[in-house]
> 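Let me give you the structure first, and then I'll get to my questions.
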Amino acid sequence: MHLNARPDGYGGWQLIKMADQKHLDVTLETQVESVNLAEEMCLRVAEAAGFDEDDCYRIGMSVREGVINAFHYGNQERPEKKIYLAVDLTSDKMVIHVLDEGKGFNLGDVPNPLAEENLLSTSGRGIFLMRSFMDEFDVVAGRTGGAEIIMSKKLPSPDGHPANNNDKGDHNATPRQA
């Protein structure tokens, strides 16, 4: 099944089913409302994929943080720039891409929010949350010149538990420097 988003005439998006692939691709405006829209779309896909309430919360929060970063830090709230969201369902995981049109950043330059000198800082927690809530997290240089966040969550098995829960595999992948 291929899921592709298109305007539905009411300011929202609907999913179009095609073939046997599972994919959602949306171009979002650089505006605050895009944060809620991106989260809602990803939550619907996560629920349909069988994630439980806790994992849906983690996925939703990760998408919120990723789109907020693209909106604020990447695109610097400039309305002429776009945010690109893509969601893929593979046989074993849900993969989410958030791409901005900013200048990109080096993941190694992001301060650790748990360091004593950063505990009262109002920024830097989004990447920490995304890394904590998702099984895989990376930031790469995007095709638009900006940053592309790529994060994934293993699909639950039919019994409701994460697939291959004991297999750590590469889901704790070391982020590459963007």
> For E77, which residues count as a side chain to side chain donor-acceptor pair (under 3.5 Å) partner, sequence neighbours excluded?
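Counting only residues at least two positions away or on another chain, E77 forms a side chain to side chain donor-acceptor pair (under 3.5 Å) with H72.
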> What verdict does the side-chain contact (heavy atoms from CB on, under 4.5 Å) test give for L89 and V95, after you've listed the backbone C-alpha separation in whole Å, the side-chain angles of each residue and the deciding distance to 0.1 Å?
CA-CA 6 Å; L89 285 177; V95 182; over 6 Å; no
> List in chain and number order the residues that pass side chain to side chain contact (heavy atoms under 4.5 Å, CB included) with Q31, two or more places apart in sequence or in another chain; answer none if no residue qualifies.
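Expected list: E29, E33, S34.
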> Provide the closest heavy-atom pair for D25 versus A86 in the form atom of the first, atom of the second, distance.
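Smallest heavy-atom distance, with atoms named: OD1-CB, 3.9 Å.
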> Which is it for H97 and D88 under the side-chain contact (heavy atoms from CB on, under 4.5 Å) test, yes or no, and what are the steps along the way?
CA-CA 9 Å; H97 300 258; D88 292 294; 4.0 Å; yes
> Hey, could you give me the OG/CG distance between S152 and D138, rounded to the nearest 0.5 Å?
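It is 10.0 Å, given to the nearest 0.5 Å.
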> Does T30 reach the main-chain N or O of F71 with its side chain, forming a donor-acceptor pair under 3.5 Å?
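Checking the backbone N and O of F71 against the side chain of T30, no donor-acceptor pair under 3.5 Å is found.
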> Enter the distance from D100:CG to L28:CG here, rounded to the nearest 0.5 Å.
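One finds 12.0 Å between CG of D100 and CG of L28.
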> Measure the CG-CZ distance between L129 and R58 for me, rounded to the nearest 0.5 Å.
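Going from the CG atom of L129 to the CZ atom of R58 covers 11.5 Å.
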> Mind listing the closest non-hydrogen atom pair of L155 and A49 along with its distance?
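Closest pair (atom of L155, atom of A49, distance): CD2-CB, 3.9 Å.
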> Report whether I68 and L85 are members of the same hydrophobic cluster (ILVMFWY, side-chain heavy atoms less than 4.5 Å apart, transitive linking).
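Yes; tracing contacts between hydrophobic side chains, which count when under 4.5 Å, links both residues.
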> Taking N75 for its side chain and R78 for its backbone only, find out whether a donor-acceptor pair lies under 3.5 Å.
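Answer holds: no.
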> When rounded to the nearest 0.5 angstrom, what distance separates CG in L43 from OH in Y57?
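That separation rounds to 11.0 Å.
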> As an exercise, state the distance from OG of S91 to NZ of K22, rounded to the nearest 0.5 Å.
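Between S91 OG and K22 NZ, I get 9.0 Å after rounding to 0.5 Å.
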> Could you tell me whether the side chain of K93 reaches within less than 4.5 Å of the side chain of E136, counting heavy atoms only?
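The answer is yes, as the side chains (C-beta and beyond) meet within the 4.5 Å cut-off.
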> From the options M134, K153, E39, select the one residue that forms a side chain to side chain contact (heavy atoms under 4.5 Å, CB included) with S62.
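Looking at M134, K153, E39, the match for S62 under the side chain to side chain contact (heavy atoms under 4.5 Å, CB included) is M134.
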> For residues G142 and L99, report the shortest heavy-atom separation together with the two atoms involved.
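Scanning both residues completely, I find the closest heavy atoms to be CA-CD1, 3.5 Å.
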> Taking CD in E53 as the centre, count heavy atoms belonging to other residues, nucleotides or ligands within less than 6.0 Å. Is the count above 12?
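No, the 6.0 Å shell around CD holds no more than 12 heavy atoms from other groups.
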> With sequence neighbours left out, write down each residue that passes side chain to side chain contact (heavy atoms under 4.5 Å, CB included) with I127, or none if nothing qualifies.
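I127 satisfies side chain to side chain contact (heavy atoms under 4.5 Å, CB included) with N69, F105, L107, V110, M130, R131, F137 once adjacent residues are dropped.
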> Taking the side chain as every heavy atom from C-beta outward, state whether V26 and M41 have any atom pair closer than 4.5 Å.
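Touching, per the 4.5 Å side-chain cut-off.
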> Which pair of non-hydrogen atoms, one from V67 and one from A38, has the smallest distance, and what is that distance?
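Closest approach of V67 to A38, heavy atoms only: CG2-CB, 3.7 Å.
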> Within the 4.5 Å heavy-atom criterion, are M94 and C42 side-chain neighbours or not?
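Yes; the side chains approach each other to less than 4.5 Å.
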> Measure the spacing between OG1 of T90 and NZ of K154 and express it to the nearest 0.5 Å.
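Rounded to the nearest 0.5 Å, the OG1-NZ separation comes out at 9.5 Å.
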> Apply the side chain to side chain contact (heavy atoms under 4.5 Å, CB included) test between V139 and each candidate in I149, I150, V98; give the one that qualifies.
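Only one of I149, I150, V98 forms a side chain to side chain contact (heavy atoms under 4.5 Å, CB included) with V139, namely I149.
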> Taking C-beta and beyond as the side chain, do E40 and L37 meet within less than 4.5 Å on heavy atoms?
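The answer is no; the side chains never approach within 4.5 Å.
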> State, without any angle test, whether Y84 and E101 hold a side-chain donor-acceptor pair at a distance under 3.5 Å.
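The answer is yes; a qualifying pair exists.
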> Measure across F51 and C56 and return the closest heavy-atom pair with its distance rounded to 0.1 Å.
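Closest pair (atom of F51, atom of C56, distance): O-SG, 3.7 Å.
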